Amino acid sequence: MAISAVAGILKQLKRTHKKLTINPCEISGYPKPTQIIAGDRPDNHWLHYDSKTLPRTKKEWESSCFVEKTHWGYYTWPKNMVVYAGVEEQPKLGRSREDMTEAEQIIFDHFSDPKFVEQLITFLSLEDRKGKDKFNPRRFCLFKGIFRNFDDAFLPVLKPHLERLVADSHESTQRCVAEIIAGLIRGSKHWTFEKVEKLWELLCPLLRTALSNITVETYNDWGACIATSCESRDPRKLHWLFELLLESPLSGEGGSFVDACRLYVLQGGLAQQEWRVPELLHRLLKYLEPKLTQVYKNVRERIGSVLTYIFMIDVSLPNTAPTTSPHVPEFTARILEKLKPLMDVDEEIQNHVMEENGIGEEDERTQGIKLLKTILKWLMASAGRSFSTAVTEQLQLLPLFFKIAPVENDNSYDELKRDAKLCLSLMSQGLLYPHQVPLVLQVLKQTARSSSWHARYTILTYLQTMVFYNLFIFLNNEDAVKDIRWLVISLLEDEQLEVREMAATTLSGLLQCNFLTMDSPMQIHFEQLCKTKLPKKRKRDPGSVGDTIPSAGNIDLPLSPRLECSGNSHASVS
């Protein structure tokens with residue numbers, strides 16, 4: 001309660017910073033669009049993170065127009081756009097004690113006292129509820145208010161504590177230092193360039209140490225720390241942080257868990273910036289693409305989640321300009337090329353890649369299986385987070401998934417088969433655009449001729465969900481309805497019993513929802529099938545050469561040597 005009270009007092013003591021009205025089109029040099037067009041446009045390009053024009057000197061920093069609100073400019077500009085005025089027009093931050101109010105002097109005296117600060121840090125780094133403590137927003141607000149109102153006055157006192165805390169891998173100490181660092185980054189919003197530069201000279205080594213000491217209990221806290229630090233902040237003012245996070249996140253130092261945690265923390269920072277960091281997203285994708293053949297499951301899952309955020313802004317909607325961030329079709333086309341060794345074979349694909357680093361060179365098939373595992377993680381993560389449905393190129397992966405997905409629900413199946421089944425389930429629930437319908441039906445008809453009955457069975461389960469989730473899109477396409485009708489009826493005559501039963505179930509559902517009707521041509525077709533005589537199966541002569549395995553009823557099964565020695569003639573043989 002005391003921490004919340006102090007944070008509230010600090011907020012009340014916050015001084016008002018001067019703002020000024022700007023014309024964003026004058027800054028960009030491009031006229032305002034005549035109509036509302038969302039996305040990356042020439043008039044909002046100046047808000048992007050660009051490593052060539054980052055404010056690295058005092059002059060560049062003070063001449064830059066920083067916009068903290070992430071959503072400004074993407075859809076349209078505010079009617080009255082205001083930003084913070086220059087440093088020289090803002091209230092003085094580095095004040096002496098005599099220039100402070102009485103309430104400010106009390107706080108200043110306490111946080112200038114090394115003994116008080118040591119007691120406070122000791123208290124904040126105590127473990128409260130083991131396994132249930134997490135990043136505390138109230139403590140973050142306390143430190144944010146301290147560094148916002150008093151500048152860097154308390155950094156000399158806090159510095160040794162920060163260095164000690166990041167070196168300690170205990171859960172409570174790591175959480176404490178994460179809250180302080182997040183408060184430091186957010187509280188330094190209005191500091192001068194010299195002070196901000198010195199701050200990052202202190203923070204960068206601390207963050208490197210913290211990320212190398214990250215644990216299962218603390219990775220969520222560091223993710224919250226970085227995400228909170230980047231929320232509603234101009235990415236150009238945090239370029240030290242982003243460059244640090246992009247320093248070889250998959251270095252391998254600390255094992256697969258630390259690699260996954262580094263990606264998680266990086267993801268938290270980039271996700272807050274959304275459309276304003278296309279250069280960083282391109283750099284990250286270029287770094288990750290050669291590493292998609294990871295053998296460790298936790299790293300694959302994290303890469304899949306990161307890829308979802310890399311392509312998050314790549315949406316195709318009315319009145320939306322194409323994004324300068326990475327595009328899904330281009331990436332998927334490169335993936336399809338690498339998966340050709342798996343797609344060109346008709347045989348069942350088995351996962352023979354173990355969770356360990358391989359030694360020596362690997363063939364294309366092994367590399368393809370590793371890559372496929374990561375792509376499945378990406379598609380599953382995208383199904384629930386992305387703003388748009390699967391693109392045309394992603395639908396070309398369906399034949400490969402049909403070959404892998406198992407028919408039965410069995411927990412004994414490996415990760416590859418389980419993920420393929422789940423991915424197909426999620427993709428079948430996605431919205432299809434009208435121009436994608438012929439492609440999907442072509443894939444289904446092609447798979448219906450596969451030699452694998454598992455694949456023929458799986459397309460029927462996919463078809464059911466796909467039709468029901470896109471019912472009106474299919475009903476508006478007469479040719480598509482005819483193709484589906486032909487596909488289901490042809491699979492009713494499949495040589496595999498399981499496929500015929502699933503085709504019957506599928507036909508029943510399509511008839512019940514009135515997608516298909518039992519019209520005269522269909523009835524005549526079934527009547528003709530009823531009258532068709534199937535050729536009799538020729539019985540094999542028991543004495544023929546082909547009948548080499550006698551029936552169990554006509555021969556005594558030999559006992560194993562162990563059972564013969566035991567003299568147990570009633571023992572069963574399995």
Side-chain angles (χ1 to χ4, degrees), residues 3 117-118 120-144 146-147 158-187 199-200 202-231 233 238 240-272 294 296-306 309:
I3 290 177
V117 172
E118 182 178 358
L120 176 66
I121 297 299
T122 303
F123 168 72
L124 295 179
S125 58
L126 288 175
E127 186 177 64
D128 185 12
R129 297 174 300 169
K130 185 173 180 61
K132 296 185 178 180
D133 293 340
K134 57 183 180 180
F135 185 91
N136 194 319
R138 290 179 295 178
R139 296 179 180 181
F140 152 74
C141 289
L142 168 67
F143 288 102
K144 174 187 174 182
I146 287 173
F147 295 114
L158 276 170
K159 181 181 177 181
H161 295 287
L162 295 175
E163 294 172 343
R164 175 179 57 82
L165 291 173
V166 295
D168 189 342
S169 60
H170 284 87
E171 178 183 357
S172 54
T173 54
Q174 288 285 305
R175 183 179 305 108
C176 176
V177 72
E179 293 161 354
I180 297 174
I181 288 178
L184 251 174
I185 297 174
R186 289 293 294 271
L199 171 65
W200 284 107
L202 167 66
L203 288 183
C204 286
L206 294 178
L207 286 171
R208 289 190 184 97
T209 303
L211 292 178
S212 64
N213 291 332
I214 203 165
T215 64
V216 177
E217 293 83 11
T218 61
Y219 81 93
N220 276 323
D221 299 323
W222 283 109
C225 169
I226 300 302
T228 304
S229 303
C230 298
E231 182 187 4
R233 293 297 307 275
L238 299 175
W240 294 275
L241 175 61
F242 288 118
E243 295 297 331
L244 180 146
L245 293 176
L246 281 169
E247 290 177 355
S248 302
L250 295 179
S251 62
E253 298 178 3
S256 63
F257 174 76
V258 174
D259 282 354
C261 291
R262 287 197 193 100
L263 279 179
Y264 173 73
V265 172
L266 171 60
Q267 176 183 342
L270 292 178
Q272 298 298 323
Q294 279 283 330
Y296 294 108
K297 181 180 178 182
N298 55 349
V299 180
R300 286 197 301 269
E301 290 178 343
R302 183 49 52 193
I303 290 178
S305 182
V306 171
Y309 282 94

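Note that the structure is predicted; figures quoted are calculated from it, not measured. In what follows, every heavy atom counts, from backbone to side chain, and hydrogens, waters and symmetry copies are set aside.
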Taking the side chain as C-beta and beyond, is there a heavy-atom pair between [X] and [Y] under 4.5 Å?
X    : Y    : result
R208 : S212 : no
L207 : L241 : yes
Q272 : R233 : no
R262 : L250 : no
L158 : F147 : yes
L238 : W200 : yes
I3   : F143 : no
I180 : I121 : yes

If you measure from [atom1] on [X] to [atom2] on [Y], what distance do you get to the nearest 0.5 Å?
X    : Y    : atom1 : atom2 : answer
T173 : L126 : OG1   : CG    : 11.0 Å
C204 : L245 : SG    : CG    : 9.0 Å
E127 : E217 : CD    : CD    : 9.5 Å
L266 : I226 : CG    : CD1   : 9.5 Å

Taking only distance into account, with no hydrogens and no angle test, what donor-acceptor pairs under 3.5 Å do side-chain atoms of residues 159-167 form with protein atoms, sequence neighbours excluded?
{"unit_1": "H161", "atom_1": "ND1", "unit_2": "R164", "atom_2": "NH2", "d": "3.4"}

So which atom in [X] and which in [Y] form the shortest heavy-atom distance, rounded to 0.1 Å?
X    : Y    : result
H170 : D168 : ND1-OD1, 2.5 Å
C225 : I181 : SG-CG2, 4.2 Å
D259 : S251 : OD1-N, 3.6 Å
N213 : S169 : O-CB, 4.0 Å
F140 : A182 : CE1-O, 3.5 Å
Y264 : N220 : OH-OD1, 3.1 Å

* Asked: Does the salt bridge (charged side-chain N to carboxylate O under 4.0 Å, His left out) test come out yes or no for E171 and R175, once each step is laid out?
  -> CA-CA 6 Å; E171 178 183 357; R175 183 179 305 108; 2.7 Å; yes

Do any N or O atoms from the side chain of [X] and from the backbone of [Y] form a donor-acceptor pair under 3.5 angstrom?
X    : Y    : answer
E179 : N136 : yes
S125 : S172 : no
T218 : I214 : no

* Can L203 and W240 be said to form a side-chain contact (heavy atoms from CB on, under 4.5 Å), step by step? -> CA-CA 9 Å; L203 288 183; W240 294 275; over 6 Å; no

* To do: Could you please spell out the steps behind the side-chain hydrogen bond (donor to acceptor under 3.5 Å, both in side chains) verdict for S305 and Q267?
  => CA-CA 8 Å; S305 182; Q267 176 183 342; 3.0 Å; yes

* Starting from the C-alpha separation in whole Å, work towards a yes-or-no answer on side-chain contact (heavy atoms from CB on, under 4.5 Å) for R139 and L124. => CA-CA 9 Å; R139 296 179 180 181; L124 295 179; 3.6 Å; yes

